[in-house]
Amino acid sequence: MRFTSERVQRAVSRRSSIQRRRVASIASAAIAIVSCDKTITAPSASLPAIEASSTDSAAGSWRMLVLTTPDQVVVPDPTATSSTAYQAELSSVKAAQAIMTDAQRTNVQYWTGAGVLRWNEIERELVARYNLPPAPTAAGSYPLPDAENPFADPVFPFSNPPYASRAYSYVSVAQYEALKAAWYYKYKFNRPAPSKVDPGVVAAIPASTLPAYPSEDAVLSGVTAEMLKLLFPGALEEITRKAGQEREAAILSGRATASDVAAGLALGKAVAALVINRARADGMGAAAGSPVMWKSLSDAATAKGEISWLSQELPIRPPLLMNFGSVKAWTMTPAEVTSLEPEPPPSTSSDQMKADLAEVKKTVDNLTKEQLAIAQKWNDGAGTYTPPGHWNAIAAPYIRDARMSEVRAARVYALLNIAMHDVSVGCWDSKMKYFNPRPSQLDPSIKTVIGLPNFPSFPSGHSTYSGAAATILGSLFPQGAASFDAMADEAGISRMYGGIHYRSDIVQGKAHGKRIGAWVLNYAQGDGVN
Amino acid sequence: MSRPLPHCAPTRRLAARVSSTARALAVTTLLALSLAAPRAARAQTLEDAELLRPRELTATVMYGHDAWNAYWEGALKRNNDNIGTLSTNSVAWSAGYGVNDRLTLLASLPYVWTKASEGVLHSMQGSQDLSVMAKYRLLLTTVGRARLKILAVGAAGVPTSDYTPDFLPLSIGVHSKSVTARAAAHLQDEMGWFLDGYAERMWRSNIKLNRVGYFADDQWIESDEVAMPDVAEYRGTIGWQSGAWCVPVGFTWHRTLGGSDIRRQDMPFASNRMNFTMAHAELMYWLPGVSNLRLNLGAAHTLAGRNVGQSTTIMTGLTYALHL
């Protein structure tokens, strides 16, 4: 009896010790799962400097878009490289390079050859930071962001998709114009890079034959900072610091002296001023519309026998930038904007609309894991860099892998963002013309898995942006054309998975976008770029 | 040597009436209450320093209902008419097993569903995170006329479904794996009054979203991976138990060790700095005439917070014990 009891006790004890060991091993496995390095590194953070595959020496003759001629802004003649003044500048470069810190080395790697790409990343971050809708006041109204008081609540700007598309386009166009002018002067004056003049100057990347005066980095810093300060005035400090770092990198990389930088900075700022003149007169100031306009849009839809769009936010919020369709497009007259627009959507009382509505309901209530992932991947909603920003991000590795010169990279972004701004104009004009309700308005039992945009449904903005972007990028990077088109389809259908668009919005939107994309490619024809 | 009575387990008087094996089973409620549901249920725990008796097996089912109509956007307390009242319901199944006098193992799995009373956002539901916990008694001693017990507790959590963490506040959780270490103490006098408390730290794994990037910590992060800040939690409870009754009340302080605030008019995000201070009360009662079955009731209310809703939670459930 006692013997049996001891055996049982030993067995119990053995069992519990096994269990203890199991617990310990589960716990240590779990610790291994969570104790790894949590640092998130953006894929572009550690990219090496870019050595352009071509100097694009003819870029000074590429067609201007806003400026009349590349020498519209006068750049003074540089001093000779044999001059005492220039020799003193070379000595300063060498002296600065001799005491370069690790942070400065990192900064040189960050900027060299990649100014257009870096500024595009910075702008996307600014768009994401400022892409939050104004909060309602206690009285239930929505104050407008005020550019003269950007730090108030609401902060300025609210960089929603139309605002962002316009901002990307102004920065890209201004950069493109300034760099073409810079290239014009570079090859007019032919002042070599400092490291070519003096072997004592260290070149961060092998020095090309690209002339140094005016410095393209300084041009970019000047033109971009001026544009961004207009568009994101609350970020002045960050913008100014980045611009300064870019100019410092130009000198420390052995690619520019103080006079190359000074001439470039002045040219960049002067070109920005010309582009800003256009921006101040493009109608953006009236894009928010008015209560009177809102009522007339709604009444017009009702008069046609259609159910008119209602804001489903509480308090009721005016449709986003209801007058953006009147903002000046880059490549189209108002009549041309209209001519490219889609046919009207199915009537809200049609069988087609009933079928479309039922499809949305069935889809969002039976969403697969993959469909939810697609809806989230392309959501690009509040707090993100918007669909135009997403397409800028998609273009970045193609530009980088092609090792484009700064001026050629600027052209890619100029064409892409011109197209997406013009999409905003055309798409918003259509949206307000038809004032079509969202699925969740026609059927309140439809709930969404992404945020519901507060503006009319037809056509889908995502689909229109994506159709245009895929057309532009597919033309500039033919090797990616099939992939861009597939992405555009995925971006479009993501809106039905999200529960916020009918299939007809998506199909017509993409076709509209492709028409605008083709229109912009036609506009670029004969611009002198091969 | 007299065997110490677990608090909130049957007293000797009750134990004589019901099965003695029913003692100490209440401990599973801890896990059901503390690990069920996204955060509402974490508000309440019972008997943090409790252990099951050797070879005791318990099963608990708890239903929880949590609701808020005000939340903190960073430090700003506000309502949102596009959410109305956000309610979170959960049913959590838990099991506990007393390996020996010193070691108790627990497991819990809640099913959670959320809904907003206003607005257009879709409700979410699913099986949430499986939690396992091991509680080990380090010390048992007497202090004057009271008994002091010190425990080391380790826990791990892992999501059991592919629910999305990228749809807060309707997401049913944040989809992070976690490991928790906790030190707990329990002091009980002969009259049935007790004090207990714990301090814990939870380490959380990074999570993946279906995104190209996100804005957090005042910057755009071009990645689908989100670093989840760790969490510290502290709890203090005072209570009384006698016969079939046990009533603990207390406070919980929950602090996320990093993360950023919800920006003005932004949606919440999984790695936000979610902090709260909560008051809670529970009542446990051994059902008369039914062996080994206990009724558990709990309520909690958030007093202060940051990047969380001001929840009020009620929970109810049953615990059943079996001696193998």
Side-chain angles (χ1 to χ4, degrees), chain A residues 12-13 15-16 19-20 23 26-27 29-31 33-36 38-44 121 124-125 128-129 131-136 153-155 312-315 364-365 369 372-377 379-385 390 393 438 440 444 446-452 499, chain B residues 54-55 73 78 80-82 84 97 99-100 102-103 105 116 118-124 132 134 136 154-158 162 164 166-167 170 176-179 202-206 209-215 218-230 263-267 269:
Chain A
V12 167
S13 140
R15 199 167 61 200
S16 63
Q19 278 164 335
R20 251 181 241 132
V23 169
I26 290 167
I31 286 166
I33 288 164
V34 297
S35 64
C36 55
K38 287 188 174 188
T39 312
I40 310 292
T41 308
S44 74
E121 281 177 4
R124 277 185 266 137
E125 174 159 343
R129 173 171 299 139
N131 183 12
L132 291 174
D153 179 15
V155 297
Q312 289 186 270
E313 276 197 51
L314 285 174
V364 76
D365 282 346
K369 181 190 172 192
L372 176 62
I374 288 168
Q376 292 178 330
K377 173 183 170 188
N379 185 8
D380 298 328
T384 72
Y385 46 46
H390 198 158
R438 294 275 173 178
S440 51
I446 292 178
K447 301 290 179 184
T448 69
V449 297
I450 52 179
L452 177 68
Chain B
R55 300 175 69 196
E73 184 181 80
R78 62 168 291 182
N80 191 326
D81 293 342
N82 301 297
Y97 182 69
V99 177
N100 56 32
R102 288 172 162 259
L103 179 66
L105 301 179
E118 303 295 332
V120 297
L121 297 181
H122 208 286
S123 55
M124 293 275 139
V132 293
Y136 187 73
V158 60
D162 51 21
T164 179
D166 198 11
F167 196 51
L170 284 120
S176 184
K177 300 186 192 84
S178 68
V179 171
M202 177 190 281
W203 291 267
R204 300 195 291 182
S205 69
N206 290 0
L209 306 180
N210 301 310
R211 278 176 181 250
V212 291
Y214 57 92
F215 199 87
D218 202 32
Q219 59 183 321
W220 178 259
I221 298 169
E222 187 93 1
S223 173
D224 60 353
E225 190 177 352
V226 182
M228 295 293 286
D230 296 332
R263 297 180 299 153
R264 187 79 176 110
Q265 196 67 11
D266 202 357
M267 296 291 276
F269 191 68

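Lettering of chains follows the sequences in order, A, B, ..., and the numbering in each one begins at 1. Below, all heavy atoms of this structure are taken into account, side chains as well, without hydrogens, waters or symmetry copies.
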Chemist: Please name the pair of heavy atoms, one in A:Ala382 and one in B:Asp266, separated by the smallest distance, quoted to 0.1 Å.
Modeler: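 Nearest heavy atoms, A:Ala382 then B:Asp266: O-OD1, 4.5 Å.
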
Chemist: Under 4.5 Å heavy-atom distance to chain A, tell me which part of B:Met124 shows up: side chain, backbone, both or neither.
Modeler: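 It is the side chain, since no backbone atom gets that close.
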
Chemist: Side chain to side chain contact (heavy atoms under 4.5 Å, CB included), that's the test. Do A:Arg129 and B:Asp218 meet it? Break it down for me.
Modeler: CA-CA 7 Å; A:Arg129 173 171 299 139; B:Asp218 202 32; 3.5 Å; yes

Chemist: Which atoms form the tightest heavy-atom contact between A:Ala128 and B:Arg263, and what is the distance?
Modeler: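 Smallest heavy-atom distance, with atoms named: O-NH2, 3.6 Å.
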
Chemist: For A:Leu452 versus B:Val120, what's the shortest heavy-atom pair and its separation?
Modeler: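 It is CB-CG2, 3.7 Å.
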
Chemist: Could you check whether any side-chain N or O of B:Arg211 sits under 3.5 Å from a backbone N or O of A:Gln376, counting only pairs where one atom can act as donor and the other as acceptor?
Modeler: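 No.
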
Chemist: Is it the side chain or the backbone of A:Arg124 that comes within 4.5 Å of chain B heavy atoms, both, or neither?
Modeler: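 A:Arg124 touches chain B through side-chain heavy atoms alone.
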
Chemist: Heavy-atom distances under 4.5 Å only: say whether B:Gln219 touches chain A with side chain, backbone, both or neither.
Modeler: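 Contact with chain A: backbone and side chain both.
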
Chemist: Which heavy atom in B:Phe167 sits nearest to a heavy atom in A:Val449, and how many Å separate them?
Modeler: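 Distance-wise, the nearest heavy atoms are CE1-O, 3.1 Å.
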
Chemist: Look at A:Asp380, A:Thr384, A:Val155, A:Leu372 and state which one has the largest set of heavy-atom pairs under 4.5 Å with chain B.
Modeler: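 That would be A:Thr384.
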
Chemist: Could you measure the distance from the CZ atom of B:Arg264 to the CG atom of A:Asp153? Nearest 0.5 Å is fine.
Modeler: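 That separation rounds to 4.5 Å.
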
Chemist: May I ask you to name which of A:Pro444, A:Gly383, A:Gly499 has the most heavy-atom pairs under 4.5 Å with chain B?
Modeler: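 Maximum pair count with chain B is reached by A:Gly383.
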
Chemist: A:Glu125, A:Lys369, A:Gln312: which one forms the most heavy-atom pairs within less than 4.5 Å of chain B?
Modeler: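 With the most close heavy-atom pairs to chain B, the winner is A:Glu125.
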
Chemist: Measure B:Asp162 against the heavy atoms of chain A and call it side chain, backbone, both or neither at under 4.5 Å.
Modeler: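 Contact with chain A: side chain only.
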
Chemist: Could you have a look at B:Val226, B:Thr164, B:Leu170 and say which one has the most heavy-atom pairs with chain A under 4.5 angstrom?
Modeler: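 Of the options given, most contacts go to B:Thr164.
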
Chemist: Between A:Pro134 and chain B, which part of the residue has a heavy atom less than 4.5 Å away: side chain, backbone, both or neither?
Modeler: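 Contact with chain B involves the backbone of A:Pro134 alone.
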
Chemist: Heavy-atom distances under 4.5 Å only: say whether A:Val364 touches chain B with side chain, backbone, both or neither.
Modeler: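 Both the backbone and the side chain of A:Val364 come within 4.5 Å of chain B.
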
Chemist: With a 4.5 angstrom heavy-atom cut-off, is it the side chain or the backbone of A:Asp365 that approaches chain B, or both, or neither?
Modeler: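 For A:Asp365, the contact with chain B is made by backbone and side chain together.
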
Chemist: For A:Pro133 and B:Gln265, work out which heavy atoms get closest and say how close.
Modeler: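 Taking every non-hydrogen atom into account, O-CG, 3.1 Å.
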
Chemist: By a 4.5 Å heavy-atom criterion (distance strictly below it), what part of B:Tyr214 contacts chain A: side chain, backbone, both, or neither?
Modeler: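 Contact with chain A is through the side chain of B:Tyr214 alone.
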
Chemist: How close do B:Glu222 and A:Tyr385 get, heavy atom to heavy atom, and via which atoms?
Modeler: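 What the structure gives for the nearest pair is OE2-OH, 3.1 Å.
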
Chemist: Check whether A:Ile374 gets within reach of chain B through its side chain, its backbone, both or neither, counting any heavy atom under 4.5 Å.
Modeler: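 Neither part.
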
Chemist: Heavy-atom distance under 4.5 Å to chain A: side chain of B:Asp230, backbone, both or neither?
Modeler: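 For B:Asp230, the contact with chain A is made by backbone and side chain together.
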
Chemist: Counting N and O atoms only, with roles assigned by atom type, does the side chain of B:Asn210 sit under 3.5 Å from a partner on the main chain of A:Lys377, one being a donor and the other an acceptor?
Modeler: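 No, because the side chain of B:Asn210 does not come within donor-acceptor range (under 3.5 Å) of the backbone of A:Lys377.
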
Chemist: Need one label for A:Thr448: side chain, backbone, both or neither, based on atoms under 4.5 Å from any heavy atom in chain B.
Modeler: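 Both backbone and side chain of A:Thr448 come within 4.5 Å of chain B.
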
